Q: 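Quick one: this structure, given as structure tokens, is what I'll be asking you about.
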There are 2 protein chains.
Amino acid sequence: MSGRISPPSVDIRRVAAEAGVSIATVSRVLNNPERVSPQTRTRVLEVAARLGYRPNPNGKRLRKGRAETIGLVIPSPPGRFADSFFLELLAGLGEGLSDAGLDLLVATCPPGSEELACYRRLVEGKKVEGLVVARTRRHDERIAYLLEHGIPFVAHGRSDLISTPFPYLDIDGQQGFYRATQHLLNLGHRRIAYIGAPHDLNFAAHRWAGFQQAMAEARVEVNPAWVVEGDLSEESGYRLAQKLLDAPETPTAILCANDLMAIGVLRALRARGLKGGQEVSVIGYDDIPQAQYTDPPLSTVHQPFRETGQRLVEMLLARLGGVPVTQLQEVWVPKLVLRGSDGPPQT
Amino acid sequence: MSGRISPPSVDIRRVAAEAGVSIATVSRVLNNPERVSPQTRTRVLEVAARLGYRPNPNGKRLRKGRAETIGLVIPSPPGRFADSFFLELLAGLGEGLSDAGLDLLVATCPPGSEELACYRRLVEGKKVEGLVVARTRRHDERIAYLLEHGIPFVAHGRSDLISTPFPYLDIDGQQGFYRATQHLLNLGHRRIAYIGAPHDLNFAAHRWAGFQQAMAEARVEVNPAWVVEGDLSEESGYRLAQKLLDAPETPTAILCANDLMAIGVLRALRARGLKGGQEVSVIGYDDIPQAQYTDPPLSTVHQPFRETGQRLVEMLLARLGGVPVTQLQEVWVPKLVLRGSDGPPQT
DNA sequence: GCACGTAATGTAAACGTTTTCCACACTCTA
DNA sequence: TAGAGTGTGGAAAACGTTTACATTACGTGC
């Protein structure tokens with residue numbers, strides 16, 4: 001009984017025959033219901049439902065010349081786990097897409113040299129009719145490529161060094177860290193260290209700018225020895241914190257460009273018997289789920305991943321619908337969420 | 001210059017004309033190169049390369065009656081982050097698939113009632129020609145459905161309550177926890193608690209069986225008060241550990257059905273000034289990246305996510321190629337990796 | 001030198017849609 | 001009552017492939 005030969009899939013012809021109309025009418029019922037009389041419409045719909053008719057997507061796509069699919073490429077570093085940020089984005093995208101009748105094609109590729117090839121495969125192979133590009137870089141060859149070829153896409157994040165306008169949704173990392181830094185300054189901190197993200201990433205520059213701006217406005221000098229760059233992994237946060245704490249003069253607060261590194265910092269503190277939020281304040285960025293459960297719970301800047309994904313879909317749909325680029329550029333201001341890892345400096 | 005109208009995409013006709021052959025020949029060059037003379041073959045290939053010809057996938061799929069796409073549905077719980085296990089699986093799948101010329105269609109849906117509908121959409125809509133179903137359950141309606149309809153698929157995990165054979169790749173959780181438990185017993189532990197996974201998940205039963213088996217063989221009684229069930233989240237591990245430690249009689253070791261919960265347990269221990277591996281031993285399951293960086297580093301059972309994904313693709317390909325189900329059932333034995341969170345019981 | 005297999009190519013028919021015409025039957029309006 | 005609209009539905013042509021079948025040309029064996 002199982003594994004039986006699949007029944008001859010019902011096609012539009014079958015429905016038409018059964019309903020006593022032409023295939024054109026069946027198609028119309030499904031695509032332009034108002035162009036067919038109510039009686040035949042219901043009759044056809046009834047037959048279609050009874051037969052369980054589902055238009056063959058390939059016939060449809062071929063005829064329409066549309067892929068009805070949007071693409072997302074996820075960089076998967078060979079050694080480490082891929083960033084779970086992408087999974088959240090995926091979840092956000094998924095919802096809106098299925099509503100719009102679009103499919104989501106996911107490609108994974110090692111970050112680096114192969115990446116652009118991956119995009120090429122998708123667009124030149126006509127696999128997708130639009131793309132979401134995530135984690136933008138300052139020089140972003142992917143964006144340059146897509147712009148060059150006129151492929152519809154939306155970016156999650158801006159790309160500062162690309163002059164041609166393109167659709168994006170960005171979270172204002174500058175604002176986020178401006179406020180975070182102000183908060184530390186208000187608490188009385190003056191010796192603030194900064195663990196940044198790889199500088200080719202676009203958000204790295206913004207978050208850094210927010211930090212600098214707040215420091216400058218408060219006329220507090222930034223100590224170059226306390227400005228380091230990590231690779232976004234927990235491990236790198238741990239290592240860099242060790243380094244900062246080994247220096248002759250140590251900071252009273254550490255701002256980290258993402259939560260994973262901040263969690264590494266907390267671990268490094270604990271390893272020396274220090275406690276985040278007491279001897280040293282720590283603030284992260286992202287508000288990943290773990291942030292609630294660290295010890296102490298991590299103060300951070302909240303990124304609404306899921307909502308971002310949903311909005312990106314809307315924007316891509318709009319773009320495909322012909323909405324001009326300039327109306328598809330948004331920057332959201334993130335919220336600072338204070339938990340337990342920040343406090344006044346201990347003198 | 002950017003956003004220019006996309007050039008008229010080159011089709012097979014164009015290549016044929018340019019090379020002075022029929023379209024059939026062009027198609028043959030690409031699909032059955034041996035059936036065309038070397039001279040014309042190279043000529044056609046040359047022209048195709050020059051023009052950047054890429055067969056339109058929709059034409060191809062329509063003609064061949066194949067979707068050339070395999071599907072994966074990821075459950076995305078509304079409140080929490082989706083499990084990053086799926087992202088790793090994705091990465092593993094991705095590699096093999098693109099080599100095989102298959103696309104990967106990803107759907108996300110809230111777990112529960114909607115899930116089967118999601119699968120139906122994919123198969124009945126003829127979007128995919130095969131599926132990977134992950135995180136199998138004991139009663140798995142997804143598997144029942146796919147079997148019923150004769151849709152090719154491979155499962156990551158078995159499904160104990162389904163009698164019809166189906167292709168799967170499973171990691172032997174029973175072996176894994178059998179060994180982990182033996183290890184704890186050998187260290188001298190007798191008061192061992194068990195934080196299990198939701199019992200509808202298939203792996204939950206296996207891991208539990210491994211624990212029980214080892215305990216029975218050692219003639220150590222399992223204390224029912226120390227057997228609890230979590231929901232795989234760090235939070236639930238934390239909460240359940242609190243409960244275990246509040247009881248009048250406390251365990252000297254806690255075995256957790258996944259790493260996330262184990263990490264929650266470590267946190268709970270720390271919250272009361274205890275240290276994992278000293279006052280209480282903790283062993284997890286999965287070997288997620290964080291496991292290396294907890295304090296102390298987590299002892300756990302390693303799951304080779306990436307390799308699993310790669311092998312699943314091979315198996316699915318084989319299945320599509322007609323290899324019989326019985327040859328596509330594998331169980332891998334996992335490795336116990338001991339780090340710092342286990343040690344002899346303190347008397 | 002004739003039949004015959006074989007290698008190389010072309011012709012044309014699918015695959016399942018959507019959509020552009022066109023035809024027909026009405027209903028209005030003049 | 002003729003003419004023009006209007007609502008409804010059918011016929012047929014695409015969309016870009018692959019492939020079954022037909023055709024040609026060429027050796028080979030007798």
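Letters go in sequence order (proteins before strands), and every chain restarts at 1. Both backbone and side-chain heavy atoms feed into the values below; hydrogens, waters and symmetry mates do not. All figures in this text were calculated on a predicted structure; none of them were measured in a lab.
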Q: Does anything in residues 46-61 of chain A come within less than 4.0 Å of DNA chain C? Heavy atoms only, and list the residues if so.
A: A:Tyr53, A:Arg54, A:Pro55, A:Asn56, A:Gly59, A:Lys60
Q: Estimate the overall bend of the helix from C:dG1-D:dC30 to C:dA30-D:dT1 from the end axes over five pairs each, rounded to 10 degrees.
A: 60°
Q: With rounding to the nearest 0.5 Å, note down the distance linking CD in A:Glu68 to NZ in A:Lys60.
A: 5.5 Å
Q: Would you compute the distance between atom CZ of B:Arg319 and atom CG of B:Leu131 and round it to the nearest 0.5 angstrom?
A: 13.0 Å
Q: Under the side-chain contact (heavy atoms from CB on, under 4.5 Å) rule, collect the residues that match up with A:Val313, sequence neighbours excluded.
A: A:Leu93, A:Leu97, A:Leu317
Q: By a strict heavy-atom criterion of less than 4.0 Å, which residues belonging to residues 117-125 of chain B are in contact with DNA chain D?
A: none
Q: Nearest 0.5 Å, what's the CG-CG distance between A:Asn56 and B:Asn58?
A: 10.0 Å
Q: For DNA chain D, which residues in residues 14-27 of chain B have a heavy atom at a distance below 4.0 Å?
A: B:Ile23, B:Ala24, B:Ser27
Q: A:Arg41 CZ to D:dG7 P: how many Å, rounded?
A: 13 Å
Q: Take B:Leu90 and B:Leu104, measure what side chain to side chain contact (heavy atoms under 4.5 Å, CB included) needs, and give me the verdict at the end.
A: CA-CA 9 Å; B:Leu90 215 57; B:Leu104 178 59; 3.8 Å; yes
Q: Using the salt bridge (Lys or Arg N to Asp or Glu O under 4.0 Å) criterion, which residues pair with A:Glu307? Sequence neighbours excluded.
A: none
Q: Test: side-chain hydrogen bond (donor to acceptor under 3.5 Å, both in side chains). Region: residues 15-27 of chain B. Which pairs qualify, not counting sequence neighbours?
A: B:Ser22-B:Thr25, B:Ser27-B:Asn31
Q: Working to the nearest 0.5 angstrom, can you tell me the gap between A:Asp103 CG and B:Thr69 OG1?
A: 8.5 Å
Q: Show me the pairs that pass salt bridge (charged side-chain N to carboxylate O under 4.0 Å, His left out) and involve residues 22-43 of chain A, at least two apart or across chains.
A: none
Q: What is the distance, to the nearest angstrom, from the CZ atom on A:Arg13 to the C1' atom on D:dG10?
A: 15 Å
Q: Please report the closest heavy-atom contact between B:Pro55 and B:Leu30, naming both atoms and the distance.
A: CG-CD2, 4.0 Å
Q: Between B:Arg135 and B:His156, does the side chain to side chain contact (heavy atoms under 4.5 Å, CB included) criterion hold? Intermediate values first, please.
A: CA-CA 6 Å; B:Arg135 188 159 287 174; B:His156 178 23; over 6 Å; no
Q: Just say parallel, tilted or perpendicular for the rings of B:Tyr145 and B:His149, cut-offs at 30° and 60°.
A: tilted
Q: On DNA chain C, which is the earliest and which the latest nucleotide, 5' to 3', with an atom closer than 4.0 Å to a heavy atom of chain B?
A: C:dA8 to C:dG16
Q: If you measure from CG on A:Leu201 to CZ on A:Arg137, what distance do you get to the nearest 0.5 Å?
A: 7.0 Å
Q: Tell me whether the rings of B:Phe166 and B:Phe153 are parallel (<30°), tilted (30 to 60°) or perpendicular (>60°).
A: parallel
Q: What's the CD-C1' distance between A:Glu34 and D:dG7, to the nearest Å?
A: 12 Å
Q: Could I get the full list of salt bridge (Lys or Arg N to Asp or Glu O under 4.0 Å) partners for A:Arg142, not counting sequence neighbours?
A: A:Glu115, A:Asp140
Q: Restricting to non-hydrogen atoms, name the atom on B:Gln329 and the atom on B:Pro167 that form the minimum distance, rounded to 0.1 Å.
A: CG-CA, 4.4 Å
Q: Quick one: list whatever passes side chain to side chain donor-acceptor pair (under 3.5 Å) with B:Arg66, sequence neighbours left out.
A: B:Glu129
Q: Can you check nucleotides 21-25 of chain D for protein contacts, nitrogen or oxygen pairs under 3.5 Å, and list what you find?
A:
none

Q: Could you check whether atom CD of A:Glu124 has more than 12 heavy atoms from other residues, nucleotides or ligands sitting under 6.0 Å from it?
A: yes
Q: A:Arg63 CZ to D:dA12 P: how many Å, rounded?
A: 16 Å
Q: Report the distance from atom CD1 of B:Ile12 to atom P of D:dT19, rounded to the nearest whole Å.
A: 11 Å
